[in-house]
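Below is one structure, written out as structure tokens; comments come after it.
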Number of protein chains: 2
Amino acid sequence: MTIKEVAEKFGLTNDTLRYYEKVGLIGPVKKNKSGIRDYNEADLKRIEFIKCMRSAGLPIEVLKKYVDLFDEGADTVGERRKLLEDQRDILKEKIDKMNEAYDRLNYKIKMYNENKLEDLLKEGKQ
Amino acid sequence: MTIKEVAEKFGLTNDTLRYYEKVGLIGPVKKNKSGIRDYNEADLKRIEFIKCMRSAGLPIEVLKKYVDLFDEGADTVGERRKLLEDQRDILKEKIDKMNEAYDRLNYKIKMYNENKLEDLLKEGKQ
DNA sequence: ATATGACTTAGACTTAGCTCTAAGTCAAGC
DNA sequence: GCTTGACTTAGAGCTAAGTCTAAGTCATAT
């Protein structure tokens with residue numbers, strides 16, 4: 001699979017894919033005799049995982065650490081689990097904060113819809 | 001209330017508070033005769049709101065637009081509601097993505113805890 | 001055989017959101 | 001009256017994560 005196809009498949013850009021490879025998040029991807037990347041199944045799975053985690057805001061540095069530990073083998077299982085647990089906890093906190101803001105936005109929108117404009121003046125409400 | 005007290009109250013830095021003021025997100029905050037900021041109740045409510053929205057990832061530019069519309073008065077009510085709805089929808093999408101990543105992290109952690117290490121090799125699983 | 005268009009590289013540039021620095025003012029304590 | 005420490009300013013610097021540029025290679029269509 002070419003870089004263009006992969007980029008389209010996952011909604012990334014060619015640049016981003018090469019960037020991820022450069023920083024060691026994926027690959028190194030096999031290249032044909034004229035130096036053109038040909039992504040295989042394992043590459044695609046890794047990219048899909050990375051994309052999911054990146055879109056949730058996990059830092060590249062952390063993801064790199066994880067894939068590095070993975071490559072180091074079974075000895076790093078404990079450290080990997082710890083890393084995942086830490087990231088999960090951080091993510092949970094972020095989700096909570098976002099839900100709070102979400103509720104608050106909805107409250108405000110409700111006030112607009114009900115024309116309760118006085119309530120909006122108290123910016124701190126709810 | 002001094003900048004230091006406000007910063008501590010909300011878990012921000014003095015720099016961030018001055019930065020928010022500089023870009024027009026808050027204030028301008030009243031200053032005493034020797035030029036030192038003294039935050040009032042309205043300032044605090046605004047800061048609390050901004051902090052909540054910022055911690056959910058709403059861009060400063062968007063928040064500035066909102067507070068500017070607010071200051072322009074009742075004519076902008078429709079535009080304000082639209083802005084809030086747009087941001088709510090964007091936020092909803094982000095929350096969904098984060099929940100997806102959250103579930104996936106938990107699945108992986110579960111595999112680690114149950115020592116089902118083969119499953120981890122399929123990075124794309126679930 | 002030459003032009004086109006997709007790929008390659010290294011490295012410079014961009015953006016958002018702070019964060020830090022330098023130089024200065026001022027009130028309070030010694 | 002001098003020092004200390006908290007504040008002030010303008011503006012430079014930083015970090016993360018891309019994004020873009022320039023120069024080059026290569027396979028294919030004309």
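A, B, ... follow the sequence lines: proteins, then strands. Residue 1 opens every chain.
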Using a 3.5 Å cut-off and no angle test, enumerate the donor-acceptor pairs between side-chain atoms of residues 3-12 of chain B and protein atoms at least two apart in sequence or in another chain.
residue	atom	partner	partner atom	Å
B/Glu5	OE1	B/Thr2	N	3.0

Could you check how far [atom1] of [X] sits from [atom2] of [N], rounded to whole Å?
X       : N      : atom1 : atom2 : value
B/Asn14 : D/dC7  : CG    : C1'   : 9 Å
B/Arg37 : D/dT8  : CZ    : C1'   : 7 Å
B/Lys64 : C/dT15 : NZ    : C1'   : 18 Å

Which heavy atom of [X] sits nearest to which heavy atom of [Y], and what is that distance?
X       : Y       : answer
B/Cys52 : B/Ser55 : O-OG, 2.9 Å
A/Met98 : B/Leu91 : CE-CD1, 3.4 Å
B/Lys97 : A/Ala56 : O-CB, 4.3 Å
B/Gly24 : B/Val67 : O-CG2, 3.8 Å

List every contact pair, protein side and nucleotides 1-6 of chain D side both N or O, where the distance is under 3.5 Å.
none

(request) Could you tell me whether B/Glu85 and A/Lys108 make a salt bridge, using a distance below 4.0 angstrom between a side-chain N and a carboxylate O? (result)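 Salt bridge: no.
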
(message) Do the side chains of B/Asp68 and B/Lys65 get close enough for a salt bridge, i.e. N-O under 4.0 angstrom?
(response)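 No, B/Asp68 and B/Lys65 are not salt-bridged.
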
(request) Within residues 85-102 of chain A, find the residues that approach DNA chain D with a heavy atom at under 4.0 Å, and present them sorted by residue number. (result)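 The stretch gives none, as no residue of it lies under 4.0 Å from the strand.
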
(message) Tell me which residues in residues 16-30 of chain A lie within less than 4.0 Å of DNA chain D, going by non-hydrogen atoms.
(response)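 Correct list: A/Thr16, A/Tyr19, A/Tyr20.
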
(message) I need the residues from residues 53-61 of chain A with at least one non-hydrogen atom less than 4.0 Å from DNA chain C; give them sorted by number, or say none.
(response)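 Listed by number, there are none.
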
(request) Measure the angle between the two terminal helix axes of the helix from C/dA1-D/dT30 to C/dC30-D/dG1, five base pairs each, and quote it to 10°. (result)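 Comparing the first five pairs with the last five, the axes sit 20° apart.
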
(request) Spell out, as yes or no, whether a donor-acceptor pair under 3.5 Å connects the side chain of B/Asp43 to the backbone of B/Asn40. (result)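 Checking the backbone N and O of B/Asn40 against the side chain of B/Asp43, a donor-acceptor pair under 3.5 Å is found.
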
(message) Using the rule given for salt bridge (Lys or Arg N to Asp or Glu O under 4.0 Å), can you reason through A/Arg104 versus B/Glu48, listing the C-alpha separation, both sets of side-chain angles and the distance that settles it, and then say yes or no?
(response) CA-CA 12 Å; A/Arg104 207 150 154 183; B/Glu48 197 273 331; 2.7 Å; yes

(request) Consider only side-chain N and O atoms of A/Asn32 and A/Ser34, and report whether a donor and an acceptor are under 3.5 Å apart. (result)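 Distance-only check passes for A/Asn32 and A/Ser34.
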
(request) Examine A/Tyr66 and A/Ile90 and state if one hydrophobic cluster contains both, with Ile, Leu, Val, Met, Phe, Trp and Tyr joined whenever side-chain heavy atoms are less than 4.5 Å apart. (result)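 Different hydrophobic clusters.
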
(request) Treat each ILVMFWY residue as a node, draw an edge where side-chain heavy atoms are under 4.5 Å apart, and state whether B/Met1 and B/Val29 are in one component. (result)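 Same hydrophobic cluster.
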
(request) Only counting residues at least two apart or in another chain, list the ones meeting side chain to side chain donor-acceptor pair (under 3.5 Å) with A/Tyr19. (result)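 With sequence neighbours excluded, A/Tyr19 shows a side chain to side chain donor-acceptor pair (under 3.5 Å) to no residue whatsoever.
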
Considering only nitrogen or oxygen atoms on both sides, find all protein atoms under 3.5 Å from nucleotides 21-30 of chain D and state each distance.
none

Contacts of [X] that satisfy side-chain contact (heavy atoms from CB on, under 4.5 Å) - sequence neighbours left out:
X        : answer
A/Leu117 : A/Tyr112, A/Asn115, A/Leu120, B/Val77
A/Asp71  : A/Arg46
B/Asp86  : B/Lys82

(request) Could you pull out all residues at least two apart from A/Lys116 that satisfy salt bridge (Lys or Arg N to Asp or Glu O under 4.0 Å)? (result)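 Result, salt bridge (Lys or Arg N to Asp or Glu O under 4.0 Å) vs A/Lys116: A/Glu114.
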
(message) Counting only heavy atoms not in A/Glu72 (residues, nucleotides, ligands), do more than 12 fall under 6.0 Å from its CD?
(response)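 Count over threshold, so yes.
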
(request) Using a cut-off of strictly less than 4.0 Å, decide whether A/Lys31 has a side-chain nitrogen or oxygen near OP1 or OP2 of C/dT9. (result)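 Looking at the OP1 and OP2 atoms of C/dT9, one of them is under 4.0 Å from a side-chain N or O of A/Lys31.
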
